[in-house]
Amino acid sequence: MEESTSKEANTVRSLNFIEEIIEEDLRMGKNECRVHTRFPPEPNGYLHIGHAKSICLNFGLAKKYNGKTNLRFDDTNPVKEDIEYVDSIKEDVKWLGFDWEDREFYASDYFEQLYEFAVILIRKGKAYVCDMSAEEMSESRGTPTRPGRENPYRNRTIEENLDLFTRMRAGEFPDGAKVLRAKVDMASPNMHMRDPVIYRILHTSHHRTGDKWCIYPMYDFAHGQSDSIEKITHSICTLEFEVHRPLYDWLIQEIGIYAPRQIEFARLNLSYTVMSKRKLLELVQEKQVRGWDDPRMPTICGLRRRGYTPESIRNFADLIGVAKRDNVIDISLLEFCIREDLNKRAMRIMGIINPLKIVLDNYPDELVEEMAAVNNPEDPSAGSRKVPFSKELYIEHEDFMENPPGKFFRLAPGREVRLRSAYIIKCESVTKDPVSGRILEVHCSYDPATKSGMPESNRKVKGTLHWVSVKHAITAEIRMYDRLFMVESPDNAEEGKTYKDFLNPDSLEIKTGFIEPSVRNAIPGQKYQFERLGYYSVDYDSTPDKLVFNCVVPLKDSWSKKEKTK
RNA sequence: UGUCCGAUGGUGUAACUGGCAACACGUCUGCCUCUGGAGCAGAAGAGUCUAGGUUCGAUUCCUAGUCGGACAACCA
């Protein structure tokens, strides 16, 4: 005991590289020793498990160092954004268990300020209005290995630029006619420094600012400054923004405002799924799945609907760690997290998915007994419930074999087996369809002395089966899910193939199950362990008349695994 | 043929900042069990991309190379 506590005390968890940077900054007394992070989504899609990693990171860091985290929407592109997405993002962050308090911000809140920043740049001769078309611009920008060319508009006077930019804002020019560019260095080895566009004309109304603006800042001109305005101390983002950092630094330096410290980490990849907003959107639009919250989707709302808990996702985010190298996390780690959580909390019930009828020949025809069943062996406080037992029962079809192999511990002719929370039964005979040879029902005898809880019930038998009384069972729709893709990395498609070629045609299987009556009033979101099968969550489609369950994750099954590897 | 970033078991992350590699998932044994779940006990699995160098000593530092990733949207 003492040893174990001292062992735990000695296991000081090592810091990840971001925590190391933060602690170093704290030691140096930077930012008055504040830690202030932010989660900055663009409201143009639903959040997925990769965002969950970032959310847990940002909010977790602030919590650890007594700081704050803002929720800020980087809503600089009205053509792709929508209020639907901001609502879903807020819901998802909240559901994950994080609170941004009163700090819900929008880059669009800063449009006026950003405009002023642009004017500062123009006045300093560090920005100019450019009339080139997108094609011309891309042509003159060069390539990563070849420097770009300077263009004639680069040398417009400050006065002319000021005038033109004012008229851009006033709506004098059509979309695409002009842009405002930062004047940095057309020969920079970093493409982002080759006079990047910082404002474009878009006569599109914005979900928050309406028609107030017809010019909108580019992300690169809004993101860093927004962090600066919010006095973010550590701007944590994914690796692909590493090359943008010199631009952000340049902008902030030239404008002369507070400089946050940007730290980049590797985004999450999960095996057997895709993680890009674009691809997830395609799956939704092409109806490959039933929507953003389809339980097969790696979206947060999909995982929620599937039956994942916020705790399990937070724990997952914790276990995967943070680093800069590319990674692909095995989906089995996510599954481990939800099993671990639900094992401690989910009520156990009995349900049959592939029914096989058994008849207890020596059981009184009309008798119904109420069997006491433990709700959760992991949690004594969960109590117990009554489950009706009668002469005719359903068991799982896979739990019976006529000619079983060696290590089969379940029901077979002449064999005894325990019915969970009930009696030990013995298989006496099998009735088959004379034509097809299919097993119709199995006849058994029960041993009245072995009722669960009774003194003589301790007899050891090899197997225990779950069951449900035929006349008391309620039916339910059971949605079984398999991985969405058949290969580990659907993104790495060989020539001529796309991730969609690897979609698993059997990722959804709908079955009708027979469930014990105690769950009749189950409400959507309620989670259960169907004993010996897996964890199931009541779907939103469920009604009192028609229960619908989602299989969250099956229980580990060392028997079927052994069979499969044979 | 550029710039930046990275490289540790099947996977992910560590290694107290130079002292012969740890934790978790997964895998495999055994025990236990009225869930073949859970739990318990144990095992296998990397000598840290390569080659040099510094050092008594390198996963940690230096150099060169190899491999992988990111970057050429009026997207974010």
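Here is the naming used below: chain letters follow the sequence lines, and residue numbers restart at 1 for every chain.
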Inset, instruction - Would you tell me if any nitrogen or oxygen in the side chain of Arg141(A) comes within less than 4.0 Å of OP1 or OP2 on rA73(B)? - result: no
Legend entry - Phe117(A) versus Ile229(A), closest heavy-atom pair with distance: CE1-CD1, 4.1 Å
Inset, instruction - Report the relative orientation of the aromatic rings in Tyr85(A) and Trp292(A); use parallel for angles under 30°, tilted for 30 to 60°, perpendicular for over 60°. - result: perpendicular
Inset, instruction - Could you measure between the two C1' atoms, the one in rC49(B) and the one in rC31(B), and give it in whole Å? - result: 42 Å
Legend entry - For RNA chain B, the residues among residues 44-57 of chain A that have a non-hydrogen atom under 4.0 Å from it: none
Inset, instruction - Look at Lys561(A) and rU27(B) and indicate whether a side-chain polar atom (N or O) is within less than 4.0 Å of OP1 or OP2. - result: yes
Legend entry - Verify stack between Phe409(A) ring and rG36(B) base, 5.5 Å, 30 degrees: yes
Inset, instruction - Between Tyr219(A) and Leu465(A), just flag the one whose closest nucleotide in RNA chain B comes earlier from the 5' side. - result: Leu465(A)
Legend entry - Sugar-phosphate, base or nothing in reach of Val179(A), heavy atoms under 4.0 Å: base
Inset, instruction - Give one of base, sugar-phosphate or nothing for Arg410(A), where a contact means two heavy atoms less than 4.0 Å apart. - result: base
Inset, instruction - Determine: side-chain N/O of Arg420(A) to OP1/OP2 of rU33(B), distance under 4.0 Å, yes or no. - result: no
Inset, instruction - Return no unless some side-chain N or O of Lys407(A) is found under 4.0 Å from OP1 or OP2 of rG36(B). - result: no
